[in-house]
Amino acid sequence: MKKKKKEVNRIISNLYEDKINGVLSQDTFIILLSKYEKEKKNYDKNLRKAKIKTEKASTDISIEQMSIIMDELLKFDTITEENKSIVFKLIDKIIINDRNISIKYKFKIA
């Protein structure tokens, strides 16, 4: 879908160039531009839906999984020192961008 959106962006860019170079009339340009912009909006909408669906699937956990997570967390209720294995059990990934650091836990924080 991203490739199709990229292709539509390229077509729109070419439409502008053809209009500027006199290859397309104003009316034809408007009709084609409208068509491809609708197509682009449709791809954007579908990409957003796919992203939301993917995010939702990654955050949905079963009662059994939640029970396992709670059992694991209860083991750590009296942590007195840092431990590498504890970090690996609680943190899914650490994302470092420019000046931001994000920590994604293996469980959802409200």
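Predicted model only: the values in this text are computed from it and were never measured. Reckoned from all heavy atoms, side chains included, excluding hydrogens, waters and symmetry mates.
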**Student:** Give, for atom CG of Asn14 and atom CG of Leu32, the distance between the pair rounded to the nearest 0.5 Å.
**Tutor:** 11.5 Å

**Student:** Checking Ile91 against Lys106 for the side chain to side chain contact (heavy atoms under 4.5 Å, CB included) test, could you report, in this order, the C-alpha distance in whole Å, the side-chain angles of both residues, the deciding distance, and whether it holds?
**Tutor:** CA-CA 5 Å; Ile91 296 176; Lys106 290 186 178 181; over 6 Å; no

**Student:** I need the Asn46 CG to Arg48 CZ distance, nearest 0.5 Å.
**Tutor:** 9.0 Å

**Student:** How many angstroms lie between CG in Asn97 and OG in Ser102, if you round to the nearest 0.5 Å?
**Tutor:**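 So the CG of Asn97 and the OG of Ser102 are separated by 6.5 Å.
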
**Student:** Less than 4.0 Å between a side-chain N and a carboxylate O, is that true for Glu7 and Lys4?
**Tutor:** no

**Student:** Which heavy atom in Tyr36 sits nearest to a heavy atom in Val8, and how many Å separate them?
**Tutor:**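 Where Tyr36 meets Val8 most closely, the heavy atoms are O-CG1, 3.4 Å.
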
**Student:** With rounding to the nearest 0.5 angstrom, report the CG to CD1 distance, Leu15 to Ile30.
**Tutor:** 12.0 Å

**Student:** Enumerate donor-acceptor pairs with a distance under 3.5 Å from any side-chain N or O in residues 18-27 to protein atoms, sequence neighbours excluded.
**Tutor:**
from, atom 1, to, atom 2, distance (Å)
Lys19, NZ, Gln26, OE1, 3.1
Asn21, ND2, Glu17, O, 3.1
Ser25, OG, Thr28, N, 3.2
Ser25, OG, Thr28, OG1, 2.9

**Student:** Check the pair Lys93, Ile95 against side chain to side chain contact (heavy atoms under 4.5 Å, CB included), reporting the backbone distance first and the verdict last.
**Tutor:** CA-CA 6 Å; Lys93 60 184 167 183; Ile95 303 167; 4.2 Å; yes

**Student:** Please list, chain by chain and in numerical order, all residues satisfying salt bridge (Lys or Arg N to Asp or Glu O under 4.0 Å) with Lys5, sequence neighbours excluded.
**Tutor:** Asp44

**Student:** Closest approach of Ile12 and Lys40, non-hydrogen atoms and distance?
**Tutor:**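 Reported closest heavy-atom pair: CD1-CD, 4.3 Å.
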
**Student:** Can you tell if the side chain of Asn42 reaches within under 4.5 Å of the side chain of Lys38, non-hydrogen atoms only?
**Tutor:** no

